[in-house]
Amino acid sequence: MQNANNSELPEVKRLQEIMAKLRDRESGCPWDVQQTMESLTRYTIEEAYEVADAIAKGEPSDIRDELGDLLFQVVFYSRIAEEEGNFTFDDVAKSISDKMTRRHPHVFGDPSSEPSNEEDLTAQWDSIKAQEKALKQQALKQNLNATSNTKSDEPALPSLLDDVPVGMPALMYAQKLQKACAKVGFDWPEVAPVLDKVREEVEEIQQELDAETLNQQALEEEIGDALFAMVNLARHCKVDADTALRNASNKFAKRFKVVESLAYKLASDDLTIKNREPESDASPLANMTLDEMEALWQQAKFTTAKS
């Protein structure tokens with residue numbers, strides 16, 4: 001094996017060399033050697049979120065570094081698969097290259113086939129995906145027929161939801177489920193009944209809270225239904241639910257930091273607050289009343305709205 005520090009290696013090849021050395025059972029890193037595809041998934045999800053965070057902060061060098069971390073995950077999985085005799089990094093690259101070429105016939109094939117609008121483009125994309133899925137199912141069925149002699153081994157009937165990964169973040173999973181069902185018309189045709197459904201689900205939460213005995217499991221279910229309905233409302237309004245919630249969370253965090261800044265100043269200037277028995281050294285907010293914090297929150301809202 002060539003030296004992994006050789007800067008003359010093409011960088012992707014160099015990265016693969018580094019990964020191979022890390023996975024070497026005799027001279028590699030014990031942690032890297034121990035990893036499996038299953039053990040890596042949580043790190044991959046974490047890295048993807050760190051990419052999103054870097055993009056939100058807008059620092060190009062951080063985005064570059066986080067994308068590198070995410071690429072390393074792909075190289076890691078590919079190395080494990082290669083060791084198991086399943087596929088290589090080149091196979092992964094070929095698979096996505098073939099897929100993108102196949103799904104963009106108007107770019108890589110006949111230019112005259114270019115869709116005239118976004119709806120036609122989406123329809124073309126979905127049609128090609130459906131063809132790919134049908135071919136995959138046909139191949140799976142043939143393989144099962146060739147290797148099985150019992151009825152119990154017959155493949156399950158295909159579902160529209162088969163391609164929706166259950167391991168997705170919950171908001172994205174809900175949105176994908178709804179979009180898949182909408183493709184066959186299992187959907188409200190307009191926003192009004194969706195909004196009515198949101199109100200209905202919120203009312204059911206209130207009913208659970210008003211019950212003589214609180215049923216925590218039932219309350220959780222009703223809150224889940226309300227969240228699912230809100231995702232549906234966002235979809236009908238052409239709003240990405242995850243992005244909307246992320247933006248709202250970022251807005252809250254920004255305002256709360258202003259509240260903290262105002263609280264530090266107030267705690268140093270206001271003798272009434274300064275002379276109170278400290279509840280906590282972590283933040284001056286811990287020594288304030290709810291009304292005092294609410295006043296700071298309103299001030300922060302005004303300040304951030306102007307910026």
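Reckoned from all heavy atoms, side chains included, excluding hydrogens, waters and symmetry mates.
Proximity of Leu285 to Glu260: side-chain heavy atoms (C-beta onward) are separated by under 4.5 Å at one or more points. By the 4.5 Å heavy-atom criterion applied to side chains, Tyr77 and Thr41 are counted as neighbours. Asp240 is listed as a side-chain neighbour of Gln175, based on a closest heavy-atom distance under 4.5 Å. Side-chain atoms of Tyr43 and Gln35, non-hydrogen and from C-beta on, do get closer than 4.5 Å to each other. Between Trp188 and Asn232, the closest side-chain pair of non-hydrogen atoms falls below 4.5 Å. At least one side-chain heavy atom of His106 sits less than 4.5 Å from a side-chain heavy atom of Gln124. Here the side chains of Lys251 and Asn247 are not in contact, with every heavy-atom distance at 4.5 Å or above. Using a 4.5 Å heavy-atom threshold, the side chains of Glu204 and Glu208 count as separate.
In summary, Asp242 and Arg246 engage in a salt bridge, as defined by a charged side-chain N under 4.0 Å from a carboxylate O. Salt-bridge check for Lys57 with Asp53: passed, with a basic side-chain N closer than 4.0 Å to an acidic carboxylate O. Using a 4.0 Å cut-off between charged side-chain N and carboxylate O, Arg14 and Glu17 make no salt bridge. Salt-bridge formation is detected for the pair Asp196/Arg199: a Lys NZ or Arg NE/NH1/NH2 atom is positioned less than 4.0 Å from an Asp or Glu carboxylate oxygen. With salt bridges taken as basic N to acidic carboxylate O contacts below 4.0 Å, one links Arg79 and Glu83. Under 4.0 Å is where a charged nitrogen must lie from a carboxylate oxygen, and between Glu201 and Lys197 at least one such pair does.
Separation of atoms CD1 (Ile45) and CD (Glu47) is listed at 11.5 Å; rounding is to 0.5 Å. Separation of atoms CD (Glu82) and CG (Asp90) is listed at 8.5 Å; rounding is to 0.5 Å. Separation of atoms CD1 (Ile80) and CG (Leu40) is listed at 5.0 Å; rounding is to 0.5 Å. To the nearest 0.5 Å, atoms CZ (Arg103) and CG (Leu121) are separated by 12.5 Å. Between Glu203 atom CD and Glu222 atom CD the span is 10.5 Å, to the nearest 0.5 Å. The distance from atom CZ of Phe89 to atom CE of Met19, rounded to the nearest 0.5 Å, is 12.5 Å.
Hydrophobic clustering (ILVMFWY, side-chain heavy atoms < 4.5 Å, transitive): Val92 and Ile18 are in one cluster. Tracing side-chain contacts under 4.5 Å through hydrophobic residues (I, L, V, M, F, W, Y), one never reaches Phe252 starting from Leu245; they form parts of separate clusters. Taken together through direct or relayed side-chain contacts under 4.5 Å among Ile, Leu, Val, Met, Phe, Trp and Tyr, Val75 and Met37 form part of one hydrophobic cluster. Residues Met230 and Val191 are members of one and the same hydrophobic cluster, defined by side-chain heavy-atom contacts under 4.5 angstrom among Ile, Leu, Val, Met, Phe, Trp and Tyr. In the hydrophobic cluster analysis, where Ile, Leu, Val, Met, Phe, Trp and Tyr join through side-chain heavy atoms closer than 4.5 angstrom, Phe256 is grouped together with Val258.
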Checking Ile223 against Glu220 for the side-chain contact (heavy atoms from CB on, under 4.5 Å) test, could you report, in this order, the C-alpha distance in whole Å, the side-chain angles of both residues, the deciding distance, and whether it holds? CA-CA 5 Å; Ile223 290 175; Glu220 178 182 307; 5.9 Å; no
CA sep, side-chain torsions, deciding dist, call: Leu227, Val231, side-chain contact (heavy atoms from CB on, under 4.5 Å): CA-CA 6 Å; Leu227 289 170; Val231 172; 5.6 Å; no
Apply side-chain contact (heavy atoms from CB on, under 4.5 Å) to the pair Lys183 and Leu160, showing each step before the final yes or no. CA-CA 9 Å; Lys183 289 177 182 176; Leu160 286 168; 5.8 Å; no
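Checked by atom type and distance alone, the side chain of Asp210 never pairs as donor or acceptor with a backbone atom of Gln207 at under 3.5 Å. Looking only at distances, a side-chain donor or acceptor of Asp91 sits under 3.5 Å from a matching main-chain atom of Thr88. At least one donor-acceptor pair closer than 3.5 Å links the side chain of Thr303 to the backbone N or O of Gln299.
Side-chain atoms of Glu294 and Gln298 form a donor-acceptor pair, as typed in the model, at a separation below 3.5 Å. Under the 3.5 Å distance criterion, with hydrogens and angles disregarded, no donor-acceptor pair is assigned to the side chains of Asp98 and Thr101.
In terms of heavy atoms, Pro165 sits closest to Asp163 at CD-O, 3.2 Å. In this structure, Val74 and Ser78 approach most closely via the heavy-atom pair O-OG, 2.8 Å. The heavy-atom pair separating Ala229 from Val198 by the smallest distance is O-CG2, 3.6 Å. For the pair Glu66 and Ala54, the tightest heavy-atom approach, listed with the atom from each and the gap, is CG-CB, 3.9 Å. The shortest non-hydrogen separation linking Ser39 to Arg42 is O-CG, 4.1 Å. Here the shortest heavy-atom pairing between Val239 and Ala244 reads CG1-CB, 3.8 Å.
Between Phe76 and Trp31, the ring-plane angle classifies as perpendicular under the 30° and 60° cut-offs.
Tested against Asp187 for a side-chain hydrogen bond (donor to acceptor under 3.5 Å, both in side chains), the candidates Lys179, Gln178, His236 yield a single pass: His236.
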